[in-house]
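Reviewing the structure listed below.
Chain letters run A, B, ... following the sequence lines, proteins first, then strands; residues in each count from 1. What you see is a predicted model, and the numbers here were worked out from it, not measured in a lab.
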Amino acid sequence: MTSILALLPFRPVDAVIAVPALAAILLAALPGRRWSARLNVGASLLTFLMALTLLIERPPGGGLLFVDDLNVVFVVLGTFVGFTTSVFSASYIAHEIEIGRLTLGHLRFYHGMYQALAFAMNLGLLADNIGLMWVAVELATLTTVLMVGIYRTHDALEAAWKYFILGSVGIALALFGTILVYMAAQPAIGEGEKAMVWTVLVAEAAKFNPELLNVAFVFLMLGYGTKVGLAPLHAWLPDAHAEGPTPISAVLSGLLLNVALYALLRFKMLLAANPGTVAPGPLMATLGLLSLIFAGFMLYRRRDIKRLFAYSSIEHMGLVTFAFGMGGPLANFAGLLHMTMHSLTKSAIFFAVGQIAQAKGTQRLAEIRGLTQSHPMLGWSLVVGVAAIAGLPPLGIFMSEFLIVSSTFARHPLLAVPLVFGLIVAFGALVLRLSDVAFGEPEGRSEPVEASYLPMVAHLALVLTAGLWLPPPLVAWFQHVARMLG
Amino acid sequence: MGGFALDLAHLLAGGMVLVSFMLLYQNRMFGLLNVFALHAVVLTASVAWQAFIQQAPHLYVTAAIALVLKAIVIPLALRRMVVRLEIHRSIETVGGIGLTMLMGIALVALSMMVMLQAAADADPLAREDVALALSVILLGLLMMVTRYNAVSQIIGFMSLENGLILAAAGAKGMPLVVEISIAFSVLVAFIVIGVFLFRIRERFDSVDTHALDDYREGRQ
């Protein structure tokens, strides 16, 4: 296999960046309908395959990109969800054009932006330079702002504006943190490009000024934390999820939040490599726990089905941040597993929700009833998805939540009390909403939808498999990454 | 030259903090735009001075971008937009001007206390620069939260961004400063002015972001 890869005229790691970039230009330049959706799927598939090769063979260090055990997990997960979402997006967008919510001109814009977003996220994950990573996250923010506003309705513009303002402030604070990291590194490493390179920074971190690093981390935590959707900086997230096209909600929850979290983890590793800094863990754990409990309560008052699941994303990202904040091999392992499971489950839920909203012609929870009778396939998929996200056994999220809770009990039993409380609160809200939506007498308008169930079923099958049996190589890999995270 | 270089850099960066305070109490749209142009001019001078004392020619590019785009093009474009949308009435603020100014003073004190201590053993030039830059950033944030109006929020964001450019220029030998300033200019010029304001006008007949909130509450 490695010899086949050696025959390629380019490095796979470059292709992970270049394929979406070229596809974005091509899709933006060319008109055409069926064809462009297929090109979008094809480009996403190619990116995913290229990302898979990174598991087998790593490119040597040096240059602007690097691959290590941590970011390859994010890249493979991200390109996989990007690919399945593009399959879902093809049928979703075809329906939107049919009912006239989007025009062919929008379509060109939409597909171009979809690939530009994939490009930005892969670049952010693979960049070996904190400045380049920042630029990539900014680009990802901009493309999603434009896509959230694509319907041009009052709500969509409001959501896009709010997202733009809060996202820009977050991005600006993250840049200030990045500048401070450079200032801390510059006396030890010297001026210029080298003092922004990850691999150099981590190797030399022990010589940096710890106080400057502390201040830098606060800004980075606030800045990238805004993009992770941690309370109290989460205000953009529910609106952006609810008002944009559903494939974008799936990508936001499944991918973009992870990219921001990845940036935080990298800086956490940087601080951990310097003995003089305060531990970043408690700050992350506090914000994570706050988000978890806050979002758990907010779940009860939702009237819009996409907003409901957006708050559930805040809850789960809070839980993951909490796990990484706790640190240690077990909690980090659980955090990684939970992040993976959440990405797969939440995007599957959004695939189902997108089709439900199209079938019912509304996103209002009150007008959606008895789905298991009117649309058995969609209804039962949603039931499985919500059961998974609420943390019921035997699905994957149950296992990762169980690991997080048990490692908290083992190390800080007092923290386990609010943690379990938050999980129960969120569980109650989800089950309550699910019983209304999925069961009972069907109500209101309902049309059959032509949808591709494949991405949704594939994600849920993966989550179920992970809950029953994790392949030992994957476990070994995650354990290795967990130790790396410290 | 050492002492003079430091003093002038200090003066220019301090000047930006002062102009940030002036932005806080403007209650007319045109006044706000003029003061913002002044903010960009002081930034230009400050970055150009950094370029000179650090002997970093690429910073002149950043200074030129600041001068052309932020001191001339964007204020003129915003002015035309303000005239066309007929929003040159006085601006509503959250809380009074006095309270806002007091909060601004507190923020400047905070940033001085944090940065001067944290960067105590850094190069004095970079240290003072980054402390004043943080003040400009925090004042920009304060302006964004105390204004309802979309145009003044954009001005607040741009003044915040000026603070970032100041910090980046002050960090000696930092790469990507030019790229970052271009990225930010594109962000502001392209997205904000091009896309949002015209659409907001089209749909709401107002650029008051309050209108957005009202709409949402009505729906919920």
Salt bridge (charged side-chain N to carboxylate O under 4.0 Å, His left out) contacts in which one or both residues fall within residues 168-188 of chain A, not counting sequence neighbours: none
Salt bridge (charged side-chain N to carboxylate O under 4.0 Å, His left out) contacts touching residues 175-201 of chain A (sequence neighbours left out): A:Glu191-B:Lys172
Walk me through whether A:Leu175 and B:Glu161 qualify under side chain to side chain contact (heavy atoms under 4.5 Å, CB included). CA-CA 10 Å; A:Leu175 177 61; B:Glu161 183 212 322; over 6 Å; no
Which members of residues 199-212 of chain A, sorted by number, sit under 4.5 angstrom from chain B on a heavy-atom basis? A:Asn209, A:Glu211, A:Leu212
Given a strict heavy-atom distance threshold of 4.5 Å, which part of A:Leu139 is in contact with chain B: side chain, backbone, both, or neither? neither
Pairwise distance CE(B:Met144) to OG(A:Ser168) - rounded to 0.5 angstrom: 6.5 Å
Tell me whether B:Met101 at atom CE has more than 12 heavy atoms from other residues, nucleotides or ligands lying less than 6.0 Å away. yes
Sort A:Asn129 into side chain, backbone, both or neither according to what part of it lies under 4.5 angstrom from a heavy atom of chain B. side chain
If you define the side chain from C-beta out and look only at heavy atoms, does anything of A:Ile165 sit under 4.5 Å from B:Phe157? no
B:Gln117 atom CD, over 12 foreign heavy atoms within 6.0 Å: no
Where B:Leu164 and A:Ile179 come nearest, the two heavy atoms and their spacing: O-CD1, 3.7 Å
With a 4.5 angstrom heavy-atom cut-off, which part of A:Ala172 approaches chain B: side chain, backbone, both or neither? both
The interface call for A:Phe176 against chain B, heavy-atom contacts under 4.5 Å, is both
Would you say the side chain of A:Phe219 lies within less than 4.5 Å of the side chain of B:Leu134, judging by non-hydrogen atoms? yes
Can you name the residues that form a side chain to side chain donor-acceptor pair (under 3.5 Å) with B:Ser135, not counting sequence neighbours? B:Ser111
